Protein chains: 2
Amino acid sequence: MKLSDKKRQDILAAAEQLFYKQGAEYTSMDQIAKQANASKRTVYNHFETKEVLFQAILLNMFERVEAVNTISFSADMDLKQQLTAIAKQESDLLKSDNFLRMARVVFMQMLKQPELAKQLGNNKIGCMRFLESFLQEAVNNDSLKIDNIEFAAKQFVYQLKSFIFYPRLYGFEIPTPAQETQIIEEIIAMFLARYENRSAKV
Amino acid sequence: MKLSDKKRQDILAAAEQLFYKQGAEYTSMDQIAKQANASKRTVYNHFETKEVLFQAILLNMFERVEAVNTISFSADMDLKQQLTAIAKQESDLLKSDNFLRMARVVFMQMLKQPELAKQLGNNKIGCMRFLESFLQEAVNNDSLKIDNIEFAAKQFVYQLKSFIFYPRLYGFEIPTPAQETQIIEEIIAMFLARYENRSAKV
DNA sequence: AGTAAACTACACTGACGAGTTTACTTACTA
DNA sequence: TAGTAAGTAAACTCGTCAGTGTAGTTTACT
């Protein structure tokens with residue numbers, strides 16, 4: 001790899017780390033240069049402004065997070081187990097450093113510039129990318145009975161976020177792994193209590 | 001009212017408004033002074049530092065938000081109606097300017113200083129102040145069947161927050177009043193599907 | 001080896017913000 | 001109505017930070 005490319009990577013890595021730790025606003029370009037073992041001038045040769053660097057990092061983070069493993073409905077398997085698999089995968093995403101890193105930066109920025117929220121808010125992330133189709137198939141299969149699938153999907157994901165993600169994002173008390181298993185079980189129990197089709201043909 | 005007291009009020013009002021609009025970090029003391037029609041020196045005569053002013057405003061906001069109308073369980077009334085009343089009241093709180101104002105300032109700060117979250121996170125707010133007792137009474141009355149009451153209360157409140165509060169806080173799409181009524185109905189339907197005691201003595 | 005592109009250190013500009021100082025004026029109170 | 005408590009405008013210190021300019025060095029390619 002050329003030196004120039006390596007420097008670029010170093011700068012991105014340094015900036016990401018610092019933005020994550022302290023927030024974009026509290027990270028100076030001097031700090032980034034130092035952390036990247038690059039001169040400030042080199043930083044500016046690669047990224048015209050701090051804003052450009054910031055956007056580049058957001059893009060970077062999004063790409064890494066977007067690789068979600070789609071889980072499709074299978075009529076043969078136990079529905080509860082399938083939902084548990086989805087919840088576990090989503091919970092892993094919500095807990096991952098990559099995701100939290102991105103979230104901190106993005107949420108901070110969203111509180112400041114509501115335009116950003118409008119711009120990003122529509123991007124479905126994590127299991128929301130396939131959950132609605134999954135539920136639709138389960139409904140078609142008479143395993144579930146749901147009127148408003150979009151809403152049901154949100155109920156599922158919002159609960160995961162509320163218990164797993166927000167506590168980490170804001171620094172509230174974080175559930176232990178044992179509690180987390182419990183939480184996922186309870187969320188699914190509630191979801192099935194509401195939406196399981198009890199008059200299904202056996 | 002003495003001029004001195006009036007100035008104090010003006011400064012608090014100006015600071016609150018600006019903190020709300022732009023975040024505490026992006027509001028300068030000069031701006032606050034100007035908005036309050038006070039000289040910068042007067043601002044500093046009332047509040048030693050920006051941090052002190054910030055704390056005073058937090059306190060102010062909390063006091064205004066803390067006045068929650070406690071709703072107690074009544075064995076005579078329909079449980080669903082009672083839960084709806086609680087949800088409506090909570091939703092009104094979550095939508096209120098006072099609450100959103102405070103939340104914006106606090107959440108912004110929490111993303112930056114996780115210590116603040118630990119400090120504030122334990123304060124139960126809104127219906128969380130009485131919901132657990134309410135549910136406990138409903139359980140005692142055999143109307144509900146709940147193992148973990150604290151968790152169930154969170155499930156209830158977290159869903160309200162996810163659908164009503166966070167969209168407003170971050171600038172996502174906000175549900176219409178009609179949708180909101182629907183949302184509350186659905187949340188309660190899910191809650192009752194999970195926790196209603198079907199083997200209750202009639 | 002020679003050249004161009006990219007890197008480096010470092011000093012610099014210009015803006016902004018927290019908090020202070022000064023010299024002066026206005027408002028309350030005894 | 002005299003004195004003091006509080007307010008005012010404006011200039012000032014000191015620190016930080018985004019971004020630039022310069023002169024010299026290193027890297028990579030031919």
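Lettering follows sequence order; numbering is per chain, from 1. If you're wondering where the values come from, they're calculated on a predicted model, not measured in any experiment.
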For C/dT21, the Watson-Crick or wobble partner whose two distances fall under 3.5 Å
D/dA10
Check whether any side-chain nitrogen or oxygen of [X] sits under 4.0 Å from OP1 or OP2 of [N], and answer yes or no.
X       : N     : value
B/Lys7  : D/dG7 : no
B/His46 : D/dA6 : no
A/Thr42 : C/dT8 : yes

Closest approach to the side chain of [X], judged atom by atom: which nucleotide of [options] is it?
X       : options               : result
A/Thr49 : C/dA18, C/dT8, D/dG19 : D/dG19
A/Lys40 : D/dT20, C/dC7, D/dG7  : D/dT20
B/Tyr44 : C/dA18, C/dC7, D/dA18 : C/dA18
A/Arg41 : C/dA18, C/dT22, C/dT8 : C/dT8
B/Met29 : C/dA9, C/dA18, D/dC17 : C/dA18

A/Glu180 bridged to A/Lys95 by N-O distance under 4.0 Å
yes
Report yes or no: do A/Asn141 and A/Ser143 form a side-chain donor-acceptor pair below 3.5 Å?
yes
[X] [atom1] to [N] [atom2], straight-line distance once rounded to whole Å:
X       : N      : atom1 : atom2 : value
A/Leu18 : D/dC17 : CG    : P     : 12 Å
B/Ile32 : C/dG17 : CD1   : P     : 11 Å
B/Gln9  : D/dG7  : CD    : P     : 13 Å
B/Asn45 : D/dG7  : CG    : C1'   : 8 Å
A/Glu48 : D/dA18 : CD    : C1'   : 14 Å
A/Gln31 : D/dG19 : CD    : C1'   : 16 Å
B/Asp5  : C/dC28 : CG    : C1'   : 12 Å
B/Ile11 : D/dT8  : CD1   : P     : 8 Å

Please give me the minimum heavy-atom distance between B/Glu196 and B/Leu144, naming the atom from each residue.
CA-CD2, 4.0 Å
For the residue pair A/Lys50 and A/Glu25, what are the closest heavy atoms and their distance?
NZ-O, 4.0 Å
When we call it a touch if two heavy atoms are under 4.0 Å apart, what does A/Asn37 touch: a base, just sugar-phosphate, or nothing?
sugar-phosphate
Nearest-nucleotide 5' precedence on DNA chain C, B/Ser28 against B/Ser4:
B/Ser28
Heavy-atom distance under 4.5 Å between the side chains of A/Met190 and B/Gln159, does that happen here?
yes
